[in-house]
Amino acid sequence: IFVENTLINTYIRCGSIADAAQVFENMNERNVFSWTLILAGYERYGKPEEALRLFWQMEQQKVTADDVMFVTIIKACTRAASLEQGKEIHGYIVKCGLPSNTFVFNALVDMYAKCGSMLDAMHVFERIDEKTVISWNSIISGCVQMGQHTQALSLYQQMKCSGSEPDEVTLVCVLKSCGSLQIVEEGILLHVYILRFGYETNRYIGSTLVDFYSKSGRLDIASRVFSAMHEPD
RNA sequence: UCGUCUGGUA
């Protein structure tokens with residue numbers, strides 16, 4: 001079973017979901033690893049409905065899901081952009097009463113945000129005891145995607161007060177909000193922060209900075225950042 | 001270490 005799981009994993013990494021499914025179908029015995037692998041494969045391949053169908057099939061076969069399985073199936077709901085199915089899965093997870101895992105909570109926050117329900121996302125987020133940088137990034141990114149830029153900046157301030165260090169992902173999100181709201185001073189502070197931590201070589205950061213300065217009417221700085229991005233080392 | 005969470009610009 002270990003060998004077959006590894007084979008499934010290999011096929012999925014090669015993008016051959018059909019071969020992976022073939023191996024999965026022919027297995028005599030499947031464990032939670034096998035199911036998670038194939039579900040993650042369908043999720044990545046853009047077939048979230050198939051992942052959800054298999055999940056309920058697994059449930060009927062009395063295979064016990066674990067936290068990793070939950071994160072995977074939540075991602076399928078996210079990709080399906082289905083708030084309804086997401087809530088159904090969330091309810092199921094609560095019913096299972098597994099010890100709570102930050103990865104699961106973070107995936108739920110991201111799912112609710114991408115399904116358009118910032119209220120549900122905030123509700124889950126507030127319940128996370130040990131918020132990691134990814135917890136903060138997930139909720140802030142959700143606000144930005146929903147155009148709630150003021151809220152994004154407010155959460156960013158809370159994040160700094162809570163003792164979490166913003167990373168490159170955080171900075172990209174918050175810079176976008178500054179660009180949209182035309183808050184130039186805050187954006188420049190972010191730029192200073194970026195330079196202090198040496199994040200300016202990150203290509204997401206670079207392109208977001210260029211965008212920010214362009215929107216702020218500082219084309220001179222934008223082009224300087226742009227040129228710096230293309231300098232060798 | 002057989003499987004999981006967040007960021008591309010208009």
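Within every chain, numbering begins at 1; the chains are lettered A, B, ... in the order of the sequence lines, protein sequences first and strands thereafter.
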For nucleotides 2-9 of chain B, read 5' to 3', which letter fits each nucleotide if B means a protein heavy atom sits under 4.0 Å from the base, S means only the sugar-phosphate is that close, and - means neither?
-> BBBBBBBB
Is the distance between the ring centroids of A:H90 and A:Y112 under 6.0 Å?
-> yes
A:Y92 vs A:E59, side chain to side chain donor-acceptor pair (under 3.5 Å): CA-CA, chis, key distance, verdict | CA-CA 10 Å; A:Y92 179 80; A:E59 148 70 7; 2.4 Å; yes
Salt bridge (charged side-chain N to carboxylate O under 4.0 Å, His left out) contacts touching residues 102-121 of chain A (sequence neighbours left out) | A:K87-A:D120, A:D110-A:K114
Return a table of donor-acceptor pairs under 3.5 angstrom between the side chains of residues 192-203 of chain A and protein atoms on other chains or two or more places apart.
residue : atom : partner : partner atom : Å
A:Y193  : OH   : A:E165  : OE1          : 2.5
A:N202  : OD1  : A:Y204  : N            : 2.7
A:N202  : OD1  : A:I205  : N            : 3.1

Is the A:W35 to A:F55 ring centre distance short of 6.0 Å?
-> no
